Amino acid sequence: MVIRNIQPADHAPIIASVDAWWGGRPMAGMLPQLFFAHFCDTSFVAQEDEKLIGFLIGFLSQSQPDEAYCHFIGADPAHRRSGLGRSLYESFFRVAAKHQRYVVHAVTSPLNRGSIAFHQRLGFTVVPGTAEHEGTSVHPGYDGPGQDRVLFSRTNRK
Ligand SMILES: CC(C)(COP(=O)(O)OP(=O)(O)OC[C@H]1O[C@@H](n2cnc3c(N)ncnc32)[C@H](O)[C@@H]1OP(=O)(O)O)[C@@H](O)C(=O)NCCC(=O)NCCS
């Protein structure tokens, strides 16, 4: 497996796969080309035998000088639970640390129990919200009406 920086040509194969990778949820609309054109230094793809098997879209916060944010991470279901997601995040943590970004944030749906468990295994903690879903603290309406989210934060210091 090889991990490299993302490039504009990765947009088409990724949007063709993401809905299936998310179990049929319509996700492609959350991945416009702009992420592949303007966030290349902090976003990554994983490839095996030329096939794209995972990706992470991340960026350095424009507003918080010591923070970075992961917008999206996904792994091909055929390649899960073998360290792929962790390797993608490690690439992101490294580039974030290089830019003195000592806190990394991410957000997920309270229904996405796999993502919650994954982020916690990687050392993220849940930022307390005002509600709870299946034992996890949640920020109700964080992304708009009915769009509750679990917020994660992780220190990015050695
Ligand atoms: C979340 C996702 C990226 C994880 O990728 P992955 O390659 O399977 O993750 P890894 O193999 O690197 O796992 C890292 C750790 O998290 C744990 N983990 C991963 N998925 C898990 C799950 N569904 N439930 C419990 N633990 C999980 C692993 O056991 C591992 O723990 P360990 O290192 O202590 O052994 C992948 O499941 C995915 O693409 N899901 C659909 C998209 C999604 O929900 N993305 C996140 C929101 S943007």
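Predicted, not measured: the structure shown is a model, and the values here were computed from it. Heads up: numbering here begins at 1 and tracks the sequence. In listed order, ligands and their atoms are each counted from 1.
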* To do: Side-chain contact test, heavy atoms from C-beta onward, threshold under 4.5 Å: evaluate it for F72 versus L31 and give yes or no.
  => yes
* To do: Any pair with a residue in residues 143-154 that passes salt bridge (Lys or Arg N to Asp or Glu O under 4.0 Å), sequence neighbours left out, goes on the list, sorted by first then second residue, please.
  => D143-R149
* Using a threshold of 4.0 angstrom between heavy atoms of the protein and any atom of ligand 1, which residues qualify? -> W21, W22, I73, G74, A75, R80, R81, S82, G83, L84, G85, R86, T108, N112, G114, S115, A117, F118, R121, L122
* **Atom pair CE/CZ of M30 and F35 - distance to nearest 0.5 Å** => 8.0 Å
* **Qualifying salt bridge (Lys or Arg N to Asp or Glu O under 4.0 Å) pairs with a residue from residues 80-109, counting only residues at least two apart or across chains** => none
* Hey, does L34 have a side-chain heavy atom less than 4.5 Å from the side chain of F39? -> yes
* With sequence neighbours excluded, residues passing salt bridge (charged side-chain N to carboxylate O under 4.0 Å, His left out) with K51 -> D76
